[in-house]
Amino acid sequence: MEAALQVGLLLFVSFFILLFIGVPIPVSIGIASLLAALLVLPIDIVLFTAAQKMVGGINSFALLAVIFFILSGSIMNNGGIALRLVNLAKLISGRLPGSLAHTNVVGNMLFGSISGSAVASAAAIGSIMAPLQAKEGYNKAYSAAVNIASAPVGLLIPPSGVFILYSLVSGGTSISALFMAGYIPGFLMGIAVMIVAYYIAKKENYPVSPRVSFKEAMKIILDAIPSLLLIVIVIGGIVAGIFTATEGAAVAVLYSFILSLIYRSLRLRDIPKILRETIVMTGIVLFLVGASSIMSWVMTIAGIPAALSNAILAISDNYFVVMFIMTVVLLIIGTFMDLTPAVLIFTPIFLPIAVQLGIDPVHFGVLMVFNLGIGIMTPPVGSCLFIGCSVGRVSIEEVIKPLLLFFITLIITLFLVTYIPQISLFIPRLLGLI
Amino acid sequence: MMDKLRVAMNKMLMITTSVLTVVLVLGALWQVFSRYVLNAPSTFTEELLRFVLIWVAMLGASYAFGTNQHLAIVFLRNKLKGRRQQVVRMINDLLVICFAAVILVKGGYDISISTMTQVSPILKIPMGYVYTILPISGVIIIIYQILNIKDWIGNIKKT
Amino acid sequence: QEGGNETAPMNEGNNENDAGNGESGAQSFKLTLAHNLSEEHPVHLGLVKFTELVEERTNGEIKFDIFANGVLGDEREVLEQVQAGGVAITKVSAASLENFASQYAVFSLPYVFMDRDHFYRSMESEAVRELYQATKEQGFIGLTYYDSGARSFYTVDTPIMHPDDLKGLKIRVMDSPTQIELVEILGGAPTPMPYGEIYTDLQQGVVDGAESNVTVLTTGGHGEVAKAFSFNEHTRIPDIVVISSDVWDELSTEQQEILLQAAAESTEYHKEIWNEALEVAQKEAEEMGVEFYYPDPKPFREAVQPMLEKYRQDPQINTLMEAIEALQ
Ligand code: NA
Ligand code: NA
């Protein structure tokens with residue numbers, strides 16, 4: 001207990017100091033872990049094991065899905081597929097007030113159901129939608145806010161790279177179950193954004209898109225089918241047992257590659273750039289995974305997760321109170337930390353507490369991703385915010401005010417998903433996955 | 001001279017990792033094809049792809065140090081002015097070098113040597129070869145960091 | 001000499017030098033013991049028994065920190081930490097030890113043991129005690145073995161009564177060339193997969209079956225998706241309890257004796273609770289709706305002969321196999 005306190009204090013204090021002076025996050029994790037481990041173990045063993053954990057963290061077949069999702073997202077991002085999905089989204093959301101805002105949300109939901117990355121979605125859909133909305137007189141900051149608030153739906157709607165990371169750090173929660181659990185919360189997230197968009201559109205008198213003819217509608221649907229087929233192939237293939245989730249991600253790469261070649265939105269000379277983006281992103285994410293496994297090793301040998309969970313449960317063992325505390329803490333963490341490191345660092349700490357309260361690890365995974373998904377749209381650190389502002393050509397300061405209402409609605413939705421586990425667990429239970 | 005070194009390293013890293021990434025995609029597809037279509041599941045891909053991924057990830061991460069793309073919280077540091085900011089920045093860069101030197105180079109070297117007599121279950125290659133990527137990427141990161149420090153100090157002197 | 005072993009002399013940190021306690025003049029140690037099974041598993045209970053006996057008989061000179069559930073890493077990683085001296089004792093499947101000393105492959109070969117008693121006799125023989133020393137230079141030696149049961153095929157719904165029944169079936173195997181060869185020579189399609197994926201892969205039909213002992217049906221939950229378990233009993237792959245060579249050399253001869261004796265006694269204790277666990281698992285699995293089949297092992301035994309002949313080309317493996325055959 002005493003060792004846990006000492007090691008834990010040194011670990012977290014040094015980690016946050018390093019973090020806030022701007023040391024890269026994986027390096028902050030690594031150095032803080034080293035310092036803390038040296039309290040209990042000799043240096044040779046610490047360095048040996050730290051190096052081992054760095055590789056051990058990455059040495060997992062499931063993590064291949066991360067590089068594949070980034071690669072397929074990057075291929076889809078090159079136009080073609082995204083454009084056809086936006087056209088379909090326009091058709092679906094056509095007659096609502098402020099149609100184009102809804103189109104943006106539905107576009108992100110569609111893109112999210114074939115891609116595993118929120119940032120790719122914000123970039124792909126946002127860059128198509130922003131000029132269209134500007135032409136119809138939408139406020140630029142408002143359009144950007146809608147895009148930023150709805151891009152994270154793709155984290156919850158499968159396939160999702162972050163669920164795969166969660167599955168690993170949570171000790172092997174079923175990826176299929178997590179994927180299926182993400183559907184309804186993902187849709188709710190989208191609908192929450194649409195409700196706010198509807199309210200603002202009414203207030204600002206934003207236009208309704210003209211009705212499209214039946215012939216046009218058919219053309220748009222037929223056009224989008226090959227892209228949508230990706231859902232059938234990837235999710236269907238996983239559920240039907242043709243391939244595993246990881247292999248499905250590789251199939252998504254192949255399919256989106258062929259499709260983009262057919263659409264001529266991808267030229268062979270774009271390939272080196274796409275590969276470079278993919279490799280750098282993968283390196284960044286997996287280096288974090290490796291560094292985080294050093295930290296969880298140090299926390300384990302010092303008994304920190306158990307000590308922390310005892311401390312929190314000593315304050316209260318009431319399900320509502322503890323979940324409320326954890327939700328608020330994660331929301332605060334999400335403001336200044338990106339999704340991936342936050343999931344990697346805080347899952348091993350919070351999950352044991354949640355499990356003691358009787359929460360299903362699948363449900364908790366959805367909560368982590370939903371919560372930290374809100375985090376990526378807030379300043380000061382928010383990947384989705386940054387991308388959304390850059391493709392929407394607005395400054396962060398401008399977008400804060402319109403974003404606030406979305407932010408509040410999403411937090412309310414988050415509490416709904418937190419306290420009604422059936423929202424997450426209904427589909428995986430239906431399919432007998434949990 | 002220094003610029004040439006950086007360009008050469010960038011190019012070498014990208015060519016190597018691009019080839020390995022293509023291997024990853026083709027390997028995973030082959031695994032599906034051999035099992036589902038040929039009904040003769042590939043037995044070597046699972047292990048091979050894991051090892052290749054480790055190499056791609058570590059080399060990709062090294063490249064990201066060279067281009068300053070790793071996630072970091074810089075808004076507080078950016079609030080500092082002039083000399084103070086430079087000092088903090090120098091501390092940052094030195095900490096990265098320290099991390100690379102002790103964990104990746106020293107720890108990685110130790111474990112590579114220690115596992116040279118242990119072979120991987122399927123491919124029967126010494127596990128030490130898999131771990132060698134640690135000291136290799138450690139050295140690459142240190143070189144990149146030194147280049148980065150030279151660059152920004154050079155820029156300050158100019159202005 | 002291995003650098004990793006050299007760099008971590010025992011008395012630097014893993015043990016607490018406790019001068020005041022040294023009536024016998026021997027050093028005091030705090031040893032780390034780690035494994036990857038749950039705290040209810042017979043292996044854990046066996047290891048706890050071992051640590052209790054050692055602590056008692058050394059009057060507390062040797063104490064233990066136990067890490068269960070794989071929190072320090074998977075089997076291979078913890079074994080590497082044993083080599084470096086960061087962890088003192090762990091249990092490893094003999095199948096993993098193939099990658100350190102090739103003779104251990106004998107235990108992964110099919111139908112090497114006639115039955116459970118032959119297996120026990122062999123594992124307690126002089127030949128195996130010698131084998132335990134084979135990895136001394138690599139940083140660890142064996143202390144004792146724990147029975148890990150006979151491994152058999154189980155599938156979603158096809159009983160395996162004869163090797164022909166495996167034709168065209170995709171069978172998940174461990175990452176091990178001998179297991180791949182075994183399934184191949186019996187006519188199945190071997191599919192290496194991570195253990196954690198077996199459940200969903202069986203459920204969704206990515207593979208048709210797998211192979212293990214009956215406890216996998218209950219503790220692994222595989223009985224929910226695999227309904228036919230056939231006791232063809234192709235292998236008996238023991239778990240080996242190993243200790244870091246550096247730690248071993250630090251101990252006094254008396255302490256080493258105590259450890260060996262306690263290890264052997266914990267094996268006897270483990271046998272009891274393990275065999276009970278197998279019976280309980282089979283009963284529970286029956287309640288889950290799993291059907292059990294008892295094929296004649298003879299055609300299986302005949303089918304694998306070419307494989308055994310091939311491995312016997314290795315003189316070290318041949319010597320060990322002859323020693324085991326002599327105990328039939
Ligand atoms: Na998605
Ligand atoms: Na944020």
Side-chain angles (χ1 to χ4, degrees), chain A residues 18-28 30-31 34 44 46-52 54-55 58-61 63-64 67-68 71 237 242-243 246-247 249-251 253-254 271-272 275-276 278-290 294 336-338 340-341 379-381 383, chain B residues 13-14 17-18 20-22 24-29 31-32 35-36 46-47 49-51 53-54 56-65 67-78 88-89 91-92 95-96 98-100 102-104 106-112 114 130-131 133-134:
Chain A
L18 293 167
L19 201 63
F20 286 122
I21 63 168
V23 179
I25 300 179
V27 177
S28 306
I31 292 179
L34 275 192
D44 284 322
V46 171
L47 295 185
F48 179 96
T49 318
Q52 185 197 46
M54 194 80 216
V55 162
I58 310 172
N59 187 10
S60 151
F61 192 74
L63 282 180
L64 278 167
I67 187 167
F68 294 154
L71 182 53
I242 297 167
F243 35 70
T246 309
E247 293 165 345
V251 174
V253 171
L254 177 71
I271 293 175
L275 281 172
R276 188 176 63 232
T278 303
I279 289 159
V280 171
M281 277 292 289
T282 304
I284 291 171
V285 171
L286 296 190
F287 200 70
L288 262 170
V289 172
I294 302 178
F336 63 84
M337 198 182 282
D338 218 331
T340 308
V381 179
S383 47
Chain B
L13 280 180
M14 272 309 133
T17 49
S18 295
L20 292 178
T21 304
V22 174
L24 287 177
V25 177
L26 296 179
L29 292 173
Q31 189 165 301
V32 179
R35 188 182 60 239
Y36 191 70
E46 204 258 2
E47 189 177 283
L49 298 190
R50 270 191 287 122
F51 293 167
L53 179 69
I54 293 169
V56 172
M58 292 304 296
L59 293 175
S62 308
Y63 184 92
F65 275 106
T67 46
N68 251 320
Q69 281 171 282
H70 277 281
L71 295 176
I73 295 177
V74 291
F75 64 91
L76 289 175
R77 186 179 82 191
N78 290 347
V88 171
R89 187 157 176 193
I91 294 173
N92 274 339
L95 283 172
V96 172
C98 170
F99 173 90
V102 298
I103 296 186
L104 302 182
K106 172 70 170 74
Y109 176 78
D110 286 351
I111 195 165
S112 307
S114 165
V130 178
Y131 283 115
I133 191 56
L134 290 170

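Letters A, B, ... are given to chains in the order of the sequence lines, protein chains preceding strands, and every chain is numbered from 1.
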Output, in order, the C-alpha distance, side-chain angles, deciding distance and verdict of side chain to side chain contact (heavy atoms under 4.5 Å, CB included) for B:M58 and A:L286.
-> CA-CA 8 Å; B:M58 292 304 296; A:L286 296 190; over 6 Å; no
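- Here the closest non-hydrogen pair linking A:I21 and B:R77 is O-CD, 3.5 Å.
- For the pair A:L63/B:R50, no side-chain contact is recorded, criterion being any heavy-atom separation below 4.5 Å from C-beta on.
- Taking chain A as the reference chain and counting heavy-atom pairs below 4.5 Å, the highest number among B:T17, B:V88, B:V22 is found for B:T17.
- The line from CD1 of B:I111 to CZ of A:F48 is 4.0 Å long, rounded to the nearest 0.5 Å.
- The candidate with the highest count of non-hydrogen atom pairs below 4.5 Å against chain A, out of B:L20, B:V96, B:V25, B:N78, is B:V25.
- In this structure, A:F20 and B:I73 have side chains that are in contact, with non-hydrogen atoms separated by less than 4.5 Å.
- Of the listed residues B:L104, B:I133, B:N68, B:V102, the one with more heavy-atom pairs under 4.5 angstrom with chain A than any other is B:V102.
- In this structure, chain A has a heavy atom under 4.5 Å from the side chain of B:R35, while its backbone stays farther away.
- When each of A:V23, A:N59, A:I58 is scored by its heavy-atom pairs under 4.5 Å with chain B, the top score falls to A:N59.
- In terms of non-hydrogen atom pairs under 4.5 Å with chain B, the most contact-rich of A:T278, A:L275, A:D338, A:V280 is A:V280.
- Of the two parts of A:V55, the backbone and the side chain both hold a non-hydrogen atom closer than 4.5 Å to a non-hydrogen atom of chain B.
- Only the side chain of B:T21 comes within contact range of chain A, with heavy atoms under 4.5 Å apart.
- Looking at A:I242, both its backbone and its side chain come within 4.5 Å of chain B, counting heavy atoms on both sides.
- Annotation: side chain of A:E247 is not in contact with side chain of B:Y36 (no heavy-atom distance under 4.5 Å).
- Of the listed residues B:V74, B:I54, B:L49, the one with more heavy-atom pairs under 4.5 angstrom with chain A than any other is B:I54.
- Both the backbone and the side chain of B:L71 come within contact range of chain A, each with at least one heavy atom under 4.5 Å from a heavy atom of that chain.
- Options B:F51, B:Y109, B:Y131 differ in how many heavy-atom pairs under 4.5 Å they form with chain A, and the most are formed by B:Y131.
- Distance OG1/A:T282 to OH/B:Y63: 13.5 Å, rounded to 0.5 Å.
- Here the side chains of A:F61 and B:E47 are not in contact, with every heavy-atom distance at 4.5 Å or above.
- Looking at every heavy atom in both residues, B:A72 comes nearest to A:G22 through CB-O, 3.6 Å.
- Nearest heavy atom pair, residue B:G107 against residue A:A51, reads C-CB, 3.4 Å.
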Given side chain to side chain contact (heavy atoms under 4.5 Å, CB included), test A:F68 with B:L24 step by step and report yes or no.
-> CA-CA 9 Å; A:F68 294 154; B:L24 287 177; 4.0 Å; yes
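- Of the atoms belonging to B:I91, it is side-chain heavy atoms, and not backbone ones, that fall under 4.5 Å from chain A.
- Under a cut-off of 6.0 angstrom, the local environment of CE in A:M337 is crowded, with over 12 non-hydrogen atoms contributed by other residues, nucleotides or ligands.
- No side-chain heavy atom of A:P272 sits under 4.5 Å from any side-chain heavy atom of B:M14.
- For A:F287 and B:F65, the ring centers are positioned less than 6.0 Å apart.
- Shown here for A:G30 and B:I103, the closest heavy-atom pair between the two residues is O-CD1, 4.2 Å.
- Heavy atoms closer than 4.5 Å to chain A are found in both the backbone and the side chain of B:L95.
- With chain B as the partner, the residue from A:M281, A:Q52, A:M54 showing the most heavy-atom pairs under 4.5 Å is A:Q52.
- Contact annotation: the side chain of B:H70 never approaches that of A:I25 to less than 4.5 Å [non-hydrogen atoms, C-beta and beyond].
- Taking chain A as the reference chain and counting heavy-atom pairs below 4.5 Å, the highest number among B:L53, B:V32, B:L76 is found for B:L53.
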